[in-house]
There are 4 protein chains.
Amino acid sequence: MAGIKKQKAVPEITSQMSTDTGLTRGHKKKARTRQTLVDAALRIFAQHGVAELQLNKLAEEAQVSNGTVYNYFRTREEVLEAVGVELANQFSHRISAMSVGVDNGAERVSIGIRMFIRETVQNPLWARAVISIYQYDKNIRSAVANYLRSDLLLGEKQGLLQFESIEIAMGIVAFSTIGSMISILDGYQAAAVDTTVAQMLLMALGLTSAKAKKIAHMPLPEAEKETEVAKKAPRQPGRPRKNSV
Amino acid sequence: MAGIKKQKAVPEITSQMSTDTGLTRGHKKKARTRQTLVDAALRIFAQHGVAELQLNKLAEEAQVSNGTVYNYFRTREEVLEAVGVELANQFSHRISAMSVGVDNGAERVSIGIRMFIRETVQNPLWARAVISIYQYDKNIRSAVANYLRSDLLLGEKQGLLQFESIEIAMGIVAFSTIGSMISILDGYQAAAVDTTVAQMLLMALGLTSAKAKKIAHMPLPEAEKETEVAKKAPRQPGRPRKNSV
Amino acid sequence: MAGIKKQKAVPEITSQMSTDTGLTRGHKKKARTRQTLVDAALRIFAQHGVAELQLNKLAEEAQVSNGTVYNYFRTREEVLEAVGVELANQFSHRISAMSVGVDNGAERVSIGIRMFIRETVQNPLWARAVISIYQYDKNIRSAVANYLRSDLLLGEKQGLLQFESIEIAMGIVAFSTIGSMISILDGYQAAAVDTTVAQMLLMALGLTSAKAKKIAHMPLPEAEKETEVAKKAPRQPGRPRKNSV
Amino acid sequence: MAGIKKQKAVPEITSQMSTDTGLTRGHKKKARTRQTLVDAALRIFAQHGVAELQLNKLAEEAQVSNGTVYNYFRTREEVLEAVGVELANQFSHRISAMSVGVDNGAERVSIGIRMFIRETVQNPLWARAVISIYQYDKNIRSAVANYLRSDLLLGEKQGLLQFESIEIAMGIVAFSTIGSMISILDGYQAAAVDTTVAQMLLMALGLTSAKAKKIAHMPLPEAEKETEVAKKAPRQPGRPRKNSV
DNA sequence: AATGAATGAGGCTTCATTCAT
DNA sequence: GATGAATGAAGCCTCATTCAT
């Protein structure tokens with residue numbers, strides 16, 4: 001987890017989320033500015049929520065002039081959109097990476113839930129950014145849902161999970177997880193929140209208490225995969241229209 | 001109870017929410033104006049979310065001058081706080097009223113969940129206000145949680161519900177319900193969302209699938225208030241705002 | 001005369017200043033409201049300066065409703081004017097009272113200068129009000145000038161004082177006195193400011209250094225009124241306001 | 001230096017006051033705009049007094065948008081402070097320039113007094129600005145005092161002037177001068193106010209009537225700058241503002 | 001591309017004044 | 001007279017956006 005040079009007292013929230021921007025070769029300074037801005041935006045979301053994003057603050061955080069922001073984004077909305085896309089992509093990478101090698105649908109779901117909750121404790125700023133944008137942006141909700149969907153369907157196919165409606169099940173798992181993250185940020189203190197939540201949600205998905213407990217308490221895979229995330233390429237400049245963020 | 005004269009195309013979201021505090025006597029102008037403002041704020045939350053509350057719009061909506069707002073609230077923040085308190089009070093009344101006469105903890109929880117979800121379909125504006133402020137205001141979350149707590153503890157005492165942590169259980173129930181409401185506002189269409197969600201959450205709380213299903217499908221009590229609500233809440237089309245909630 | 005009930009921590013600045021308007025008979029409550037308002041205005045001037053007079057604050061300070069102010073004054077300007085007149089009257093009374101029985105023009109001038117400076121130390125709030133309104137209101141300046149004029153002319157007639165222009169002499173005496181008061185409020189600390197200033201001004205008016213010194217150091221007459229003032233004016237800490245006057 | 005293009009009927013009050021900082025080269029836009037704003041603020045002070053400074057009027061006067069003001073000053077208070085500093089600096093330059101080449105302390109004091117009074121007649125707007133801010137801002141008073149101090153001490157050292165307290169002497173000279181300026185603005189008309197005042201103040205500082213008269217009547221040095229001022233400052237009638245200064 | 005000064009619409013807030021009770 | 005809620009013009013300030021360099 002490398003981390004970007006920060007000038008403020010804000011802990012690294014982008015480090016894990018952003019790529020290590022292949023600065024191995026140091027000759028794409030200009031192309032990286034956009035990523036710098038997106039990263040800065042994420043840090044601001046974390047601290048102040050989506051609604052508060054101010055472009056002059058963004059410029060300051062990214063250590064560029066305010067005019068520079070407009071070389072990459074035409075409006076404030078476009079910035080929000082780009083950050084949404086960025087975060088959605090990060091979700092994709094992280095969630096897939098999380099349970100790589102695990103082929104039990106119930107376990108995969110459990111791992112996802114637990115990782116998000118654990119990460120909240122480790123990195124509240126990141127959590128705040130996630131929650132903030134998750135609540136704000138329907139597209140993000142869809143992106144998360146899609147990852148959940150495959151695992152839930154897998155679990156169902158394996159005869160482990162049962163639910164009447166995949167959509168409703170996705171909603172419950174996702175919002176309960178987000179809700180638990182919020183509770184933690186609200187100040188709720190407890191050990192093993194992750195396993196407790198995972199167990200309850202597995203029960204909601206049809207597992208018996210015993211089985212749910214067992215799966216929820218399985219050791220988490222070694223998340224060395226964070227490095228993988230780091231490798232992903234910077235987003236392309238072309239503006240993907242439509243709402244989001 | 002008659003609902004407030006509206007000059008805009010916004011359906012009644014406050015009429016049903018205002019508690020019948022005996023201020024029918026018209027000699028407390030100040031109290032009435034304050035309520036007018038809070039009601040107007042709720043309507044605005046419903047349409048635009050908490051973050052967008054603008055005090056000049058609030059004044060317009062409440063049909064008073066902008067200066068009047070400041071006779072009641074010193075700052076924008078104070079308005080948000082007051083509305084939060086108001087909504088929390090409404091919750092108190094509504095939730096208690098919902099399952100009055102029901103002494104089974106699991107049933108009480110189920111009724112609460114289902115009522116909120118059903119109300120979302122009937123009155124999306126109200127739902128939007130609830131979601132918006134629920135996400136915005138920790139105090140609201142606490143207020144809701146407290147009502148949940150007693151029912152959960154009752155159910156546990158009755159040997160019906162089981163959970164490791166009451167706090168976590170409250171979070172899961174509340175956020176899953178909110179999440180389902182959001183899904184509905186996001187456009188998710190399904191019959192019997194309420195029973196499905198209630199059943200899953202009861203399972204999360206330790207009931208077997210069969211018992212959960214049975215309780216989740218019990219007929220809802222005839223809430224006279226609800227009848228009124230249904231009457232008053234015309235389907236509301238409302239341009240699908242930027243990003244749902 | 002008893003001073004007005006104060007609800008704040010502001011020492012009495014009006015009690016000593018209020019002329020004994022024949023309210024000895026205590027049966028004119030309504031007639032006194034106006035005086036209450038003027039007194040309250042003086043207290044506010046003392047604390048915040050003329051420019052800051054706010055009618056709602058005035059009403060609050062006078063413990064009447066804001067509407068009541070408009071039963072006595074039609075506009076804010078009228079309040080300021082009334083306070084000006086009031087203060088001018090107070091000056092009249094005080095200044096004449098000061099050197100009653102003294103028939104030496106130079107001494108009379110000296111006494112006036114010294115009394116104002118001494119009072120500043122004793123009662124900074126009163127001083128602030130005086131300075132504030134003196135600078136604000138030309139009429140006050142005229143009122144003060146008239147009292148000065150007669151003493152200066154007396155002194156000239158007596159062969160004690162000499163000046164080319166009575167108007168200029170009045171200005172120098174008055175503004176030097178006010179200036180000394182400001183210096184004291186600005187934080188200048190010294191013993192015997194009053195005699196030093198009086199001496200210098202007497203010299204400016206043609207007295208030799210020796211004569212000026214002698215007159216400036218004469219004991220002040222026992223102003224019974226002053227005794228009261230001293231009693232009533234507890235040292236006032238008051239944050240040193242940004243820019244004094 | 002030619003003065004700033006004015007779009008209003010206000011005579012030049014800034015041109016003469018602006019120090020000739022070599023910002024003639026047009027490549028410091030920011031510095032120029034700031035100066036533009038300060039100059040505009042001085043013009044407003046002259047017309048309306050410090051208390052009335054309105055930032056939208058300031059922007060209008062400076063012919064920039066209101067937002068621009070906030071690129072240079074964070075609050076209204078900061079504008080006042082900046083103008084105070086500016087005026088203090090101008091004082092520094094002007095006063096030193098006034099009696100350059102004169103090495104008699106008493107003469108130097110006399111020259112300063114007389115110049116300010118004469119300038120009041122020539123340029124009432126400038127005088128109003130000076131008076132207004134002098135009364136408002138303690139720092140300005142300090143700045144003026146410091147220039148006076150050295151001359152007074154010089155005169156004392158030369159055996160010309162005598163005073164018990166330098167601080168009190170400074171106060172008397174400064175406030176008497178300001179007071180004379182106010183009298184002039186109040187409408188007092190007389191020839192040779194400057195010499196009369198100077199003479200009286202020199203007497204207050206220990207000079208005999210004869211010596212004081214002689215020094216007070218010495219010809220003023222030819223301030224080339226002053227000539228320009230006289231040229232530029234048309235008599236300004238100006239509605240007699242409610243309460244003068 | 002980067003810069004950063006300038007812009008101005010629009011929101012927040014104050015406060016003198018009105019008016020029905 | 002006294003009250004105090006209501007009014008709304010007017011000021012302060014923010015911030016997304018533009019544009020010349």
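In what follows, chains are A, B, ... by sequence order, proteins preceding strands, each numbered from 1. The analysis underlying the following values was restricted to heavy atoms, covering all of them including side chains, and did not include hydrogens, waters or symmetry mates.
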Are D:L80 and D:F73 packed together at the side-chain level, in the sense that at least one heavy-atom pair is separated by less than 4.5 angstrom? no

Closest non-hydrogen atom pair, C:Y136 against C:E77: OH-OE2, 4.0 Å

Report yes or no: is there a donor-acceptor pair, N or O only, under 3.5 Å between the side chain of B:N66 and the base of E:dT13? yes

Considering residues, nucleotides and ligands other than B:R34, do more than 12 of their heavy atoms fall under 6.0 Å from its CZ? no

DNA chain F nearest-nucleotide lookup for A:G67 and D:T68: closer to the 5′ end is D:T68

Could you check which nucleotide pairs with F:dA10 in any of the strands shown, counting Watson-Crick or G-U wobble with both distances under 3.5 Å? E:dT13

Determine whether B:L37 and B:V69 make a side-chain contact, defined as any pair of heavy atoms from C-beta on separated by less than 4.5 Å. yes

If each of A:V64 and B:R76 is mapped to the nucleotide of DNA chain E with the nearest heavy atom, which maps nearer the 5' terminus, i.e. the 5' end? A:V64

NA contact type, B:N71, heavy-atom cut-off 4.0 Å: base, sugar-phosphate, or nothing? base

Report which part of the nucleic acid B:L53 touches: base, sugar-phosphate, or nothing (heavy-atom distance under 4.0 Å, all strands). sugar-phosphate

Heavy atoms only, 4.0 Å cut-off, all strands: where does B:V69 land among base, sugar-phosphate and nothing? nothing

Which nucleotide in the list F:dG4, F:dC12, F:dG8 gets nearest to the side chain of B:S65? F:dG8

Separation of E:dT3 P from A:N56 CG (nearest whole Å): 15 Å

B:T33 side chain: which of F:dA5, F:dT3, F:dC15 is closest? F:dA5

With respect to the side chain of C:Y70, which nucleotide from F:dC12, E:dT17, F:dA16 is positioned closest? E:dT17

Nucleotide of F:dT17, F:dA6, E:dC12 approaching A:L55 most closely (side-chain heavy atoms): F:dT17

Under a 3.5 Å limit for both distances, which nucleotide forms a Watson-Crick or G-U wobble pair with F:dT21, could you say? E:dA2

